[in-house]
2 protein chains.
Amino acid sequence: METDLIRRCIDAGLKMTDQRRIVLKVIDDADDHPSVDTVHQRARTVDGTISIATVYRTLNVLDELNLVRRHEFNDKLSRFETNLDQHHHVIDVDGGDVHEFQDSRLETLIESIASELGYELVDHKLELYGRRKSS
Amino acid sequence: METDLIRRCIDAGLKMTDQRRIVLKVIDDADDHPSVDTVHQRARTVDGTISIATVYRTLNVLDELNLVRRHEFNDKLSRFETNLDQHHHVIDVDGGDVHEFQDSRLETLIESIASELGYELVDHKLELYGRRKSS
DNA sequence: ATAGGTGCAAATTCTTTGCTATTAA
DNA sequence: TTAATAGCAAAGAATTTGCACCTAT
């Protein structure tokens with residue numbers, strides 16, 4: 001098994017240890033925005049000996065390589081996501097649920113705003129805080 | 001002196017102590033995005049005995065009252081801003097400078113996207129990460 | 001063979017909190 | 001007068017790191 005994420009790590013010159021492979025799989029499989037602790041717990045179900053330090057180190061490396069994005073939504077925990085194309089979020093201010101979405105109008109607008117301001121866009125984060133409409 | 005921020009705090013039922021007044025002034029005067037520690041240092045230049053605990057407590061109250069917004073840009077420090085109308089930021093990925101901007105097209109689009117998704121917008125944050133164009 | 005990675009525990013860093021004394025309202 | 005707030009120091013929580021051992025390349 002050679003996921004895209006694994007390949008990118010190898011290309012970046014990282015050693016592919018068992019622990020790293022497990023953390024990468026957890027991250028790759030996640031369709032939510034897990035905290036470090038959650039990633040650790042999930043990794044433990046595969047290998048009970050994997051340490052939280054390794055999880056921290058791995059996530060930090062992935063962050064540096066821009067293979068994951070780090071967020072802090074309502075709480076103060078670091079939360080991670082791999083799906084780098086859909087970085088728009090609606091956070092429910094009541095429940096705290098995080099819902100992802102994608103919108104091309106937004107992409108286009110953001111791109112041109114950055115350009116107008118004299119910047120070449122590298123990445124971006126948009127977080128909408130809202131309340132479910134009852135209607 | 002009765003700044004708007006002070007007025008809002010009083011209206012919210014907070015006691016206006018000397019320390020609080022100083023922290024509010026620091027926040028109000030800031031045109032950057034100071035960390036808790038920076039706010040503390042600035043407050044100290046006015047009153048050398050003000051404690052960091054008080055700064056934390058004051059900023060937390062302001063955050064709860066939505067009189068400041070809490071950010072975490074490139075570093076992992078909480079950073080604060082009072083200017084709640086201009087919550088769009090470009091972060092220079094090289095220098096780390098944070099530049100604020102305002103864009104009505106964006107406001108409008110975000111508002112309608114939230115609505116389309118079934119949310120009533122309460123607040124939002126947009127962070128663009130970019131690199132200065134040399135051209 | 002060896003540069004890089006791991007686990008563990010200790011150390012750091014940031015933030016909160018219990019307590020007693022103080023003070024704005 | 002009294003409920004809220006301050007300062008201090010201790011406690012907590014999240015994250016990083018030094019070190020001795022291990023392993024992918």
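So that the names make sense, note that chain A is the first sequence line, chain B the second, and so on, each numbered from 1. Computed over heavy atoms, backbone and side chain alike; hydrogens, waters and symmetry mates excluded.
Residues from residues 38-57 of chain A placing a heavy atom under 4.0 Å of any atom in DNA chain D, listed by number, are A/Ala53, A/Tyr56, A/Arg57.
Here C/dA25 presents its C1' atom at 13 Å from CG of B/Leu14, a figure rounded to the nearest Å. Taking atom CZ on A/Arg21 and atom P on D/dT23, their separation rounds to 15 Å, with Å as the unit. Per the geometry, CG belonging to A/Asp37 stands 9 Å off P belonging to D/dT15, to the nearest Å. Computed from coordinates, the A/Met16 CE to C/dT6 P distance equals 9 Å when rounded to whole Å. In this structure, B/Glu64 atom CD and D/dT5 atom P are separated by 11 Å, rounded to whole Å. Between the CG atom of B/Asp63 and the C1' atom of C/dC14 there is a distance of 16 Å, given to the nearest Å. Atom CG in A/Leu24 sits roughly 15 Å away from atom P in D/dA24 (whole-Å rounding). Rounded to whole Å, atom C1' of D/dA4 lies 8 Å from atom CZ of B/Arg20.
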Worksheet item: Going through the distances and angles, do B/Arg69 and A/Glu127 end up as a salt bridge (Lys or Arg N to Asp or Glu O under 4.0 Å)?
Response: CA-CA 13 Å; B/Arg69 187 178 293 111; A/Glu127 296 169 14; over 6 Å; no
- request: Take A/Asp11 and A/Arg7 through the test salt bridge (Lys or Arg N to Asp or Glu O under 4.0 Å) and record every step on the way to the result.
  value: CA-CA 6 Å; A/Asp11 289 352; A/Arg7 193 171 357 272; 5.8 Å; no
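At the phosphate of D/dA6, OP1 or OP2 sits under 4.0 Å from a side-chain N or O atom of B/Thr17. Distances shown here put a side-chain N or O of B/Gln19 below 4.0 Å from the OP1 or OP2 atom of D/dG7.
Side-chain atoms of B/Ser112 and B/Ser115 form no donor-acceptor pair, as typed in the model, at a separation below 3.5 Å. Using modelled atom types and a 3.5 Å distance limit, the side chains of A/Arg132 and B/Tyr119 yield a donor-acceptor pair.
Put simply, the side chain of B/His89 does not reach to within 4.5 Å of the side chain of B/Lys125, judged on heavy atoms.
Toward the 5' end of DNA chain D, the nearer of the two residues B/Lys15 and A/Leu77, judged by each one's closest nucleotide, is B/Lys15. Each of B/Val36 and A/Gly13 was matched to the nucleotide of DNA chain C holding its nearest heavy atom; the match closer to the 5' end belongs to A/Gly13.
By the neighbour-count criterion of 12 heavy atoms within 6.0 Å, atom CZ of B/Arg44 is densely surrounded, having more than that number from other residues, nucleotides or ligands.
Test A/Asp29, A/Asp32, A/Asp28 against A/Arg42 for salt bridge (Lys or Arg N to Asp or Glu O under 4.0 Å) and you get one pass: A/Asp32.
Across all strands shown, B/Asn60 has heavy atoms under 4.0 Å from sugar-phosphate atoms exclusively, and none from any base.
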